[in-house]
There are 2 protein chains.
Amino acid sequence: MIVTLKEVAERAGVSRSAVSRTFTSGASVSDKMRRKVEKAARELGYSPNALASSLTTGRTKLIGLVSNNFHNPIFLEVFDLFTRGLQDRGLRPLLVNLSDETDPEQSVRMLRQYSVDGVVVASSTLPPGFAKAFRDAGVPVVHSFGRYLSAPQVHVVGIDNVECGRMAARSLVARGYDCVAFMGGPERATSTQDRLSGFMIEMSAHPHIHSSHSFADAYSFDAGRREMLRLLKDTPAQAYFCGDDVLSIGALSAVTGSGLSVPGDIGIIGLNDMEMARWENINLTTIHQPIQQIVNSSIELMAAMLDDPDRLPEARIFACSIVERGTLRPVRAD
Amino acid sequence: MIVTLKEVAERAGVSRSAVSRTFTSGASVSDKMRRKVEKAARELGYSPNALASSLTTGRTKLIGLVSNNFHNPIFLEVFDLFTRGLQDRGLRPLLVNLSDETDPEQSVRMLRQYSVDGVVVASSTLPPGFAKAFRDAGVPVVHSFGRYLSAPQVHVVGIDNVECGRMAARSLVARGYDCVAFMGGPERATSTQDRLSGFMIEMSAHPHIHSSHSFADAYSFDAGRREMLRLLKDTPAQAYFCGDDVLSIGALSAVTGSGLSVPGDIGIIGLNDMEMARWENINLTTIHQPIQQIVNSSIELMAAMLDDPDRLPEARIFACSIVERGTLRPVRAD
DNA sequence: CACTTTTTTGCAACCGGTTGCAAAATATGA
DNA sequence: TCATATTTTGCAACCGGTTGCAAAAAAGTG
């Protein structure tokens with residue numbers, strides 16, 4: 001069933017090298033030769049074996065796409081953008097789901113076995129050390145949606161989560177809430193930690209405003225809903241900065257389901273600006289994260305690293321902005 | 001940087017075959033030899049090159065995972081299940097996004113170049129001919145969420161969309177609506193066609209009930225919302241069977257956004273039972289599609305085909321059931 | 001036309017592994 | 001202990017390609 005280069009060579013009555021060359025751009029082949037080979041190849045239905053050639057060229061065009069965020073709808077968009085972007089450059093995403101994997105070493109080994117040319121870690125919850133394991137193994141790596149460090153050890157593309165936390169806090173302050181809280185995602189996620197820290201820094205400048213925080217155990221609707229239901233049993237804050245949109249929507253459901261109104265009784269601001277946030281029946285005020293730019297920039301960076309593997313680690317941070325919708329009360333006039 | 005089998009052999013002072021054998025399960029190696037080789041391998045940090053070995057073994061353990069549904073959140077769940085299930089069997093998903101690809105031949109060629117052992121087409125919108133192109137190329141293929149045919153030409157795993165259409169129609173009839181409609185997904189999608197046809201068949205047994213249909217141009221929130229807004233401008237039906245949950249939610253948003261109530265003024269029933277459907281602020285009555293079973297069965301079938309490529313095409317169809325929530329009025333007592 | 005320069009082609013070695021086969025080593029039995 | 005059966009090991013060819021090098025062919029020059 002499978003047609004090899006040798007068979008094409010025999011049919012065309014030329015050497016194997018000649019066939020190889022007609023399928024390698026930039027090789028020296030005469031027009032006559034090319035036509036002969038292409039004819040034979042067409043007749044036989046030949047197409048070159050990318051993996052065999054990778055043996056000698058040292059490039060597979062395979063890119064590991066590693067993530068553990070398979071429950072946050074925003075990542076469907078992320079995967080869409082990554083796969084299309086990589087495909088457009090002739091690269092092939094080998095998807096790795098780390099949802100329940102404990103040992104990073106294992107996925108490093110696996111991706112090395114498949115000789116991936118590079119790895120994109122697309123996750124806001126994996127620790128920075130994870131991406132480093134690839135770098136240490138000599139595999140070009142970009143951590144998308146990763147933690148911003150001023151002296152990055154691997155390439156990072158994302159947002160400044162600390163600044164987002166501050167932004168959210170400032171916006172709650174500006175609206176005159178005097179009891180606010182941060183409802184984070186999983187406590188161990190760097191994105192949660194950074195958003196909290198920014199939130200606290202900003203709030204510490206307003207000691208008269210009461211602020212607190214708690215964590216949901218995943219970036220998911222259910223986790224957000226559960227955590228908000230728990231908070232509602234006690235004395236809830238007037239407004240919450242939720243760790244991300246899907247958490248916000250879960251929280252929203254808990255609040256309205258408990259007979260309270262948003263933003264009347266409780267205000268909510270999210271982060272991400274996922275497609276759903278603008279649905280009429282959700283209409284979430286949130287901080288917009290420029291996903292498309294982050295993904296495109298990651299891909300561009302990856303491509304650059306394939307050309308120059310020794311490129312120094314770089315952090316590319318994109319600005320976020322607040323999208324005003326209907327889940328926070330208006331800014332006070334005073 | 002990369003360590004080869006030869007280097008391990010030299011360090012251990014044995015032949016290359018010996019090294020190869022220690023890393024091949026079921027090969028004949030003495031314990032002494034194994035220990036020697038493993039020691040050398042560990043010291044050198046060797047791990048075998050899966051692609052090089054695929055050259056002689058003829059198996060890459062690579063599985064093409066082809067889809068064009070990157071805007072329907074239910075597919076995030078599908079990808080999660082597929083990637084985990086494949087990984088658990090030592091298979092590696094090579095993700096192919098067909099969203100804007102016109103030519104099926106091209107992806108067939110690409111996947112053959114990468115010597116995938118098999119292809120899973122995970123899509124409810126691609127035509128059956130697409131999967132067939134892989135079979136014709138001699139690549140084992142399973143079409144998940146594909147069209148059910150009584151004499152299938154490729155392996156199909158999914159639901160009976162015609163029956164789902166009937167089920168939806170019956171449930172609307174039972175609730176005493178006397179003007180109903182089907183709001184489908186993209187007209188060319190086989191799932192849309194089949195759901196519509198089931199719906200019509202059932203309604204034709206109730207000529208006194210007025211029924212009609214129209215199509216949204218994608219399985220997406222926006223498309224559903226747009227289409228419902230269009231329908232509302234004229235004289236809308238009393239209840240709609242929407243092509244899928246995400247369309248339903250879009251429609252829901254259009255209805256409530258227009259000041260009408262659900263299910264008071266307009267009833268809606270969806271299909272899929274995606275996670276979101278049970279969110280309190282959506283609470284969608286819908287037909288449950290057993291995604292997990294479909295995915296697991298697809299993987300199982302793929303594994304079986306890898307063992308026996310000549311296995312005859314088979315259709316595995318799973319039953320669906322209605323999940324009653326809050327977007328249809330109660331069944332009439334009479 | 002003969003001679004030099006440039007392009008095209010084929011040879012053969014190599015990429016990193018696997019595997020059939022026969023020789024070497026070890027185990028078994030009398 | 002020796003002859004035989006069994007297991008382990010290495011050799012060498014192969015998987016499907018690529019590529020440096022030198023020979024062959026084509027093109028350019030006087």
Contacts table for residues 306-314 of chain B: side-chain donor-acceptor under 3.5 angstrom, sequence neighbours left out:
unit_1	atom_1	unit_2	atom_2	d
B/Asp308	OD1	B/Asp310	N	3.1
B/Arg311	NH1	B/Glu314	OE1	2.8
B/Glu314	OE2	B/Arg316	NE	2.8
B/Glu314	OE2	B/Arg316	NH2	3.4

TODO: Sorted by first residue and then second, give each salt bridge (charged side-chain N to carboxylate O under 4.0 Å, His left out) pair with at least one member in residues 136-151 of chain A; sequence neighbours left out.
DONE: A/Arg147-A/Asp194
Task: Heavy-atom closest contact (A/Val116 atom, A/Ile63 atom, distance) - done: CG1-C, 4.4 Å
Task: Short side-chain donor-acceptor distance under 3.5 Å, A/Asn68 and A/Ser123 - done: yes
Task: Positions of residues 26-36 of chain B (non-hydrogen atom under 4.0 Å from DNA chain D), listed by number - done: B/Ser28, B/Val29, B/Ser30, B/Met33
Open item on the list: Between A/Asp88 and A/Arg84 (salt bridge meaning N to carboxylate O under 4.0 Å), is one present in this structure?
Closed with: no
TODO: Quick one: list whatever passes side-chain contact (heavy atoms from CB on, under 4.5 Å) with B/Lys36, sequence neighbours left out.
DONE: B/Val14
- [ ] Determine whether B/Arg11 and B/Glu7 make a side-chain contact, defined as any pair of heavy atoms from C-beta on separated by less than 4.5 Å.
- [x] no
- [ ] Describe, in one word, how the ring planes of A/Phe79 and A/Phe70 are oriented to each other, choosing from parallel (under 30°), tilted (30 to 60°) and perpendicular (over 60°).
- [x] tilted
Task: Axis bend over the full length of the helix from C/dC1-D/dG30 to C/dA30-D/dT1, computed from five pairs that close each end, to 10 degrees - done: 30°
Task: Ion pair check, A/Lys39 and A/Glu43, cut-off under 4.0 Å - done: yes
TODO: Could you tell me whether B/Glu38 and B/Arg42 make a salt bridge, using a distance below 4.0 angstrom between a side-chain N and a carboxylate O?
DONE: no
TODO: Give the B/S/- string for nucleotides 15-22 of chain D, one per nucleotide from 5' to 3', where a protein heavy atom under 4.0 Å of the base yields B, of only the sugar-phosphate yields S, and otherwise -.
DONE: BBBBBBB-
